[in-house]
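Note that the structure is a prediction, hence the values are computed from the model and not measured.
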Amino acid sequence: MSDDRSIHDLLERAVRDYSPATADPERAVLARARRERRRSVLLTVAATLAVVLGGAGILNVVDTRTRGDGPAAGPGQ
Amino acid sequence: MEGFSEFVGSRYPALVRYGVLLTGDRGHGEDLVQSALVKTYRAWGRLHPDGQPEAYTRTVMERLAWRMVRRRWRGELPTAELPDRPDDSDDYAAKDEAEAVLAALRTLPAQQRIVLVLRYWAGLSESEIAERLGCSTGTVKSRASRAVAFLRASRLLNDVQQTMGARR
């Protein structure tokens, strides 16, 4: 007998009588899809916040340094 | 979503059996199927009614399993010791046998197991497997050959050949 056939039969024996444990697979899949969607939205929000806050921080530093280095304003100068 | 419920209802058991073989584990197999079905659900607009949702889901499962291997490759180590093989004389022989085969599959390094399942269970050619998994044909050949050598050494393959020969 060929290996192809006997290996197929061997694998078949491993799962022939197996029934899934999940009673309502569609519900489980939809719940997982919702969870993944929520996680993805949260990650996007967190990334956006990080960019905005980081950008604001950098602008603030640049602004402070520019003011410090610039010519002092005022009478007599 | 139209058609998705029917698709999952009718094909879930077969997909889970495929997942169990790809992972060598019932829990991980079902988890793999559900992860793949989430992607199928998102792509459902393209897959229904004219696409091939089952083929799509199976390909996603194969790629997810292959990618997981790369991340957890060191988690699975081959061993020469195999679990007890079943005795045909009791009523639970079929379940014991299934467990023995699954245990042997778990013992295989995961890449070998995946190639074995795609080659001998799904009936794909070496070039088709290489294309699906994004690896070379040489990799597929070497993994398949090592997996078959392992099954021969484990004597599980001999048992199957003897049983099938006796049935004739």
Side-chain angles (χ1 to χ4, degrees), chain A residues 1-70, chain B residues 1 4-9 11-21 24 26-27 29-31 33-42 86 94-95 97-105 116-117 119-123 144 147-148 151-152 154 156-165 168:
Chain A
M1 180 187 301
S2 72
D3 274 354
D4 286 35
R5 177 80 194 283
S6 42
I7 294 172
H8 185 276
D9 192 70
L10 181 71
L11 296 173
E12 169 84 33
R13 288 175 189 207
V15 290
R16 191 167 38 203
D17 300 322
Y18 181 66
S19 303
T22 308
D24 189 346
E26 190 197 359
R27 201 168 153 193
V29 170
L30 296 183
R32 190 183 281 233
R34 273 195 298 274
R35 277 199 303 277
E36 284 188 13
R37 176 87 188 131
R38 217 174 298 144
R39 199 180 310 137
S40 159
V41 168
L42 280 174
L43 280 174
T44 308
V45 169
T48 309
L49 272 176
V51 169
V52 168
L53 292 177
I58 290 168
L59 285 177
N60 193 32
V61 168
V62 170
D63 185 48
T64 309
R65 285 190 181 170
T66 311
R67 282 172 196 238
D69 293 342
Chain B
M1 199 180 285
F4 185 73
S5 181
E6 290 77 15
F7 168 67
V8 174
R11 301 311 303 153
Y12 191 72
L15 290 170
V16 168
R17 285 195 282 274
Y18 193 48
V20 170
L21 287 175
R26 296 188 174 104
E30 202 151 350
D31 188 51
V33 175
Q34 291 186 8
S35 297
L37 282 172
V38 168
K39 293 187 187 300
T40 305
Y41 175 72
R42 290 195 184 129
K95 284 190 176 178
E97 185 180 47
E99 191 44 55
V101 177
L102 278 183
L105 285 176
L116 184 85
V117 172
R119 176 76 185 82
Y120 295 98
W121 173 263
V148 172
L151 287 181
R152 279 212 192 91
S154 76
L156 280 167
L157 201 53
N158 294 346
D159 291 353
V160 170
Q161 286 170 337
Q162 280 170 9
T163 315
M164 291 178 81
R168 289 180 170 183

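With 3.5 Å as the limit, one finds no donor-acceptor pair spanning the side chains of A:E26 and B:Y41.
Using a 4.0 Å cut-off between charged side-chain N and carboxylate O, A:R5 and A:D9 make no salt bridge. The existence of a salt bridge linking B:E99 and B:R26 is confirmed by a sub-4.0 Å separation between a basic side-chain nitrogen and an acidic carboxylate oxygen.
Heavy atoms of B:Q34 lying under 4.5 Å from chain A belong to its backbone as well as its side chain. Within the 4.5 angstrom heavy-atom criterion, only side-chain atoms of B:L151, from C-beta onward, approach chain A. Heavy-atom distances place both the backbone and the side chain of B:V38 under 4.5 Å from chain A. With a 4.5 angstrom heavy-atom cutoff, B:S35 touches chain A via backbone and side-chain atoms both. Of the atoms belonging to A:D4, heavy atoms from both backbone and side chain fall under 4.5 Å from chain B.
The choice from B:D31, B:V148, B:L102 that makes the most heavy-atom pairs within less than 4.5 Å of chain A is B:D31. Put simply, of A:E36, A:R32, A:E12, the one with the most heavy-atom pairs under 4.5 Å next to chain B is A:R32. Put simply, of B:V33, B:L21, B:T40, the one with the most heavy-atom pairs under 4.5 Å next to chain A is B:L21.
In terms of modelled atom types and a separation under 3.5 Å, the side chain of B:E30 and the main chain of A:T22 share a donor-acceptor contact.
The number of heavy-atom neighbours closer than 6.0 Å to CZ of A:R27, taken from other residues, nucleotides and ligands shown, is 12 or below.
Annotation for B:A104 and B:L156: closest pair CB-CD1, 3.3 Å, computed over non-hydrogen atoms.
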